[in-house]
Q: 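Here you go, one structure.
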4 protein chains.
Amino acid sequence: MNMHNNIYTVQNMLKSKVVRFFAMLVILISISCVVLSSFKEFQPYGWLFQSFIHLASLLFLIEYVLRIYSAPALNPELPAYRSRLRYIFSFYGIVDFVAVIPFVMTYLYWDTETVHIIILPYVFIVFKLIRYSTAFQLILKVMKSVRSELLTAFTACLIIICFSAILVYFVEKGAQPEVFKNIGDSMWWAVITFTTVGYGDIYPVTPIGRILCAFISFVGIAMLAIPTGIISSAFIASMKDKLSKKD
Amino acid sequence: MNMHNNIYTVQNMLKSKVVRFFAMLVILISISCVVLSSFKEFQPYGWLFQSFIHLASLLFLIEYVLRIYSAPALNPELPAYRSRLRYIFSFYGIVDFVAVIPFVMTYLYWDTETVHIIILPYVFIVFKLIRYSTAFQLILKVMKSVRSELLTAFTACLIIICFSAILVYFVEKGAQPEVFKNIGDSMWWAVITFTTVGYGDIYPVTPIGRILCAFISFVGIAMLAIPTGIISSAFIASMKDKLSKKD
Amino acid sequence: MNMHNNIYTVQNMLKSKVVRFFAMLVILISISCVVLSSFKEFQPYGWLFQSFIHLASLLFLIEYVLRIYSAPALNPELPAYRSRLRYIFSFYGIVDFVAVIPFVMTYLYWDTETVHIIILPYVFIVFKLIRYSTAFQLILKVMKSVRSELLTAFTACLIIICFSAILVYFVEKGAQPEVFKNIGDSMWWAVITFTTVGYGDIYPVTPIGRILCAFISFVGIAMLAIPTGIISSAFIASMKDKLSKKD
Amino acid sequence: MNMHNNIYTVQNMLKSKVVRFFAMLVILISISCVVLSSFKEFQPYGWLFQSFIHLASLLFLIEYVLRIYSAPALNPELPAYRSRLRYIFSFYGIVDFVAVIPFVMTYLYWDTETVHIIILPYVFIVFKLIRYSTAFQLILKVMKSVRSELLTAFTACLIIICFSAILVYFVEKGAQPEVFKNIGDSMWWAVITFTTVGYGDIYPVTPIGRILCAFISFVGIAMLAIPTGIISSAFIASMKDKLSKKD
């Protein structure tokens with residue numbers, strides 16, 4: 001009975017606003033540490049950033065253990081071990097696990113060479129934000145509700161990108177063999193054109209290549225209207241739902 | 001009677017999920033082969049990629065022949081030869097034919113020089129995706145339903161691009177004779193600006209040219225809002241239709 | 001009575017499908033001539049292009065005279081001279097006049113130097129497209145119906161561009177005196193960033209400049225959502241109107 | 001009683017159309033002066049621009065004093081000093097104060113070095129536009145009404161930018177140590193890619209980096225659909241409200 005109570009206390013604690021706020025703070029400082037440790041100017045303070053990231057990672061490890069321990073409180077009707085397994089293999093269970101990996105990895109591969117390699121795995125602490133940011137959760141939920149439509153649009157985009165990449169490669173290869181080295185480069189060009197980013201590191205120069213590119217740019221805009229429309233309307237609908245529930 | 005049954009069997013087979021899945025697989029591997037054969041690193045395996053593409057093309061030829069043979073099953077009320085002609089000149093008949101051309105071409109022009117020229121016609125295997133990708137079919141259907149509106153928007157875009165290309169050419173010719181060599185270059189610039197891709201290989205430098213360009217950028221955004229709106233709303237409407245049919 | 005009948009005959013002729021189609025053809029060939037005459041490869045045929053453009057311009061002059069002559073048929077209740085004046089100062093009257101100017105100008109300034117300067121005024125033949133392209137007319141009508149909303153959005157865009165251009169100029173002047181020479185350059189940068197074209201000829205390099213630029217990019221996207229939304233919804237509404245009228 | 005009347009007269013005067021128009025004119029000329037004084041060609045007229053900006057600033061100081069003086073007319077039920085404090089700490093009170101700072105600053109730091117440093121603070125005169133531009137006020141109001149939704153979308157954008165910036169930094173650092181110097185550079189790249197501006201000063205070159213970048217471009221487009229949809233629909237709703245009030 002006592003242990004049962006403990007589990008509920010821990011679970012409630014983990015869900016409390018104070019823990020949420022504290023976790024968010026630790027995540028943000030951790031990310032700042034990863035960012036700052038990449039600057040040459042802050043190299044002398046590298047040990048400080050590393051220490052904090054280690055500490056944060058340890059806290060996430062403790063959180064992960066507590067979450068496994070208190071998992072039965074989520075499904076009181078199930079036997080404890082099944083409730084724990086369910087948590088471990090749930091979406092958030094995996095997110096929590098990924099954020100713990102770096103801590104474990106650092107101790108397994110102790111003889112790392114540079115400070116950057118040590119910090120690299122901590123990138124996944126960003127995943128922790130998925131748990132604690134309500135904004136991100138809302139957007140994930142909305143995206144999930146229009147999953148099949150987005151997949152449709154994305155598949156069509158991929159087909160067009162594929163087709164234009166192959167075609168432009170054969171058209172431009174002769175004029176720019178150093179730029180369009182293979183269809184990999186051509187794919188890169190197609191994606192950057194299709195999304196209208198247009199870095200300008202790679203672009204067609206032959207008349208036929210340019211006409212194809214102009215065509216793809218227009219098709220790109222037409223295609224991208226589809227996910228834009230779907231996501232916009234799904235998000236607006238979700239906002240209206242929230243408002244009507246408030247009334 | 002027996003032959004009649006054969007036709008129906010073949011037609012049903014071609015429409016079956018297994019054939020659909022297998023065709024999709026062959027298309028995707030073919031495209032991968034075309035892509036990979038362009039990489040210098042995979043040159044030694046060129047013969048492997050080519051063999052597979054040849055095989056895939058042969059399969060599509062067989063499919064095409066079977067489709068012509070079984071076409072009467074689609075229109076049982078018509079005489080067989082008319083049903084076959086109808087298929088051959090239908091949209092999908094042409095798509096299937098285009099995907100067959102490369103196989104025929106390779107044997108007509110046997111003495112090709114490089115591996116790339118052999119592979120070039122196989123680009124059109126991508127067209128086969130139009131038949132087998134339901135995503136692409138849905139999008140084509142939606143686009144078709146707003147064809148006249150899109151044509152309107154596209155015509156207006158063309159007029160603006162034309163006008164600004166000619167104007168900017170005369171404005172910039174004096175300052176950058178090597179960049180704005182002719183109105184063809186200017187058109188290229190206009191399209192890349194209008195679609196907000198902006199590679200940066202060609203842009204105005206004179207004050208008047210820049211003002212014109214700023215104007216075109218804004219007009220471009222306003223213009224592109226039209227197809228965006230049309231396609232978005234058509235796609236959302238089509239999604240709603242699908243949902244209401246499910247109910 | 002006879003003259004009165006003439007006027008109506010001419011006006012009906014000008015509105016007929018044949019004239020419309022023929023005018024469209026002449027405009028498109030004229031534009032092609034202007035475009036082609038800018039290519040070095042087609043220089044030897046320059047006299048041909050010029051001849052056609054002169055001919056086209058003469059036809060537009062005749063059309064303009066006929067339109068003035070037959071203007072009373074448009075407003076039978078008004079006295080003839082007032083009806084003609086009304087046409088001359090109407091939107092389409094001005095469009096027709098602008099397309100006639102080049103012909104007149106060529107004969108006034110006979111001693112032109114290069115072929116390009118002769119052709120320059122013919123750019124305005126593109127204006128003729130506004131009269132004959134129904135697509136363009138529809139879009140102009142839709143834009144007109146949301147004029148005040150677009151003006152609002154455009155004014156707000158201008159304020160933000162102005163503000164960011166001035167601020168970034170003072171921030172970047174020290175680091176890139178050759179690139180951000182004056183606020184004119186800075187304005188050019190702001191417009192190209194705001195519209196997400198991003199040529200890459202001019203961009204901030206200082207940390208503060210980059211933060212400002214990132215901020216402007218996001219604001220730009222938010223701002224451009226406004227005309228996108230307005231135009232999209234106006235265009236969709238206009239499409240629905242057309243459909244409901246058909247029913 | 002007399003003074004009380006004065007206050008109302010001043011307040012009405014400040015709200016009148018003539019003052020509004022005159023203030024707008026002074027703001028626009030001031031901004032033009034700031035812009036023009038940055039051009040080398042207009043250096044000789046620098047004293048003229050400065051004089052006008054000083055005069056404009058003096059006028060805004062007088063306006064600010066008058067606004068404080070007449071503030072009790074806005075809240076007749078409150079004691080005069082509280083009404084004045086309320087104005088000073090209101091949104092528009094702060095805007096008015098910011099526009100006054102430069103005038104005061106110039107006299108405090110009299111021994112400035114170059115003409116540009118003198119003009120720099122006058123940038124904030126642009127803030128004055130917020131008060132007098134109805135377009136800007138409308139847009140601010142609309143944005144305010146969807147504040148929480150925009151914040152949600154913006155937070156999600158920030159998380160994705162953060163994550164991709166850190167990841168791409170570690171991927172590209174080896175190949176381009178001079179371009180991706182630290183995560184600050186990487187953040188700059190992520191923002192410019194996410195917003196589809198794409199200057200082309202910094203972009204990934206390794207295959208993994210390019211795949212990540214392609215992924216981010218697509219996610220960027222999906223993410224930016226959210227604020228686009230929210231703002232569009234909020235603005236259209238606000239337009240409909242205005243129309244239905246007119247009826």
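In what follows, chains carry the letters A, B, and so on, assigned in the order in which the sequence lines appear, proteins first and then strands, with residues in each chain numbered from 1. Keep in mind the model is a prediction, meaning the values are calculated, not measured.
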Q: Decide if atom CZ of C:F21 counts as having more than 12 heavy atoms of other residues, nucleotides or ligands within a radius under 6.0 Å.
A: no
Q: Is it the case that more than 12 heavy atoms not belonging to B:L140 sit under 6.0 Å from its CG atom?
A: yes
Q: Would you mind reporting whether B:I166 and C:I31 have side-chain heavy atoms less than 4.5 Å apart?
A: yes
Q: Could you tell me the separation between the OG1 atom of C:T228 and the CG atom of B:L224, rounded to the nearest 0.5 Å?
A: 8.5 Å
Q: So which of B:I221, B:I202, B:T155 has the largest heavy-atom pair count under 4.5 angstrom toward chain C?
A: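 Highest number of pairs under 4.5 Å: B:I221.
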Q: Between C:L36 and chain B, which part of the residue has a heavy atom less than 4.5 Å away: side chain, backbone, both or neither?
A: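 Contact with chain B is absent: no heavy atom of C:L36 under 4.5 Å.
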Q: If you draw a 6.0 Å radius around CZ in B:R82, do more than 12 non-hydrogen atoms from other residues or ligands fall strictly inside?
A: no
Q: With chain B as the partner chain, list the residues of residues 175-191 of chain C whose heavy atoms fall under 4.5 Å from it, by residue number, and write 'none' if nothing qualifies.
A: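 Contacts with chain B: C:D185, C:W188, C:V191.
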Q: Around B:F215, counting heavy atoms of other residues, nucleotides and ligands shown, do more than 12 lie under 6.0 Å from its CZ?
A: no
Q: Other residues, nucleotides and ligands only: do more than 12 of their heavy atoms fall within 6.0 Å of CZ on C:F97?
A: no
Q: Output the distance between atom CE (B:M223) and atom CD1 (C:I139), rounded to the nearest 0.5 Å.
A: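 Spacing of CE (B:M223) from CD1 (C:I139) equals 4.5 Å.
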Q: Kindly indicate whether the side chain of C:Y199, heavy atoms from C-beta on, has any atom under 4.5 Å from the side chain of B:T193.
A: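 The answer is yes; the side chains approach within 4.5 Å.
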Q: Heavy-atom distances under 4.5 Å only: say whether C:I161 touches chain B with side chain, backbone, both or neither.
A: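 Only the side chain of C:I161 comes within 4.5 Å of chain B.
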Q: To the nearest 0.5 Å, how far apart are OG in B:S148 and CG in C:L138?
A: 9.5 Å
Q: Are the side chain of C:T195 and the backbone of B:F218 linked by a donor-acceptor contact shorter than 3.5 Å?
A: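 Checking the backbone N and O of B:F218 against the side chain of C:T195, no donor-acceptor pair under 3.5 Å is found.
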Q: Give me the atom names and distance for the closest heavy-atom approach of C:S232 to B:G229.
A: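 Scanning both residues completely, I find the closest heavy atoms to be OG-CA, 3.3 Å.
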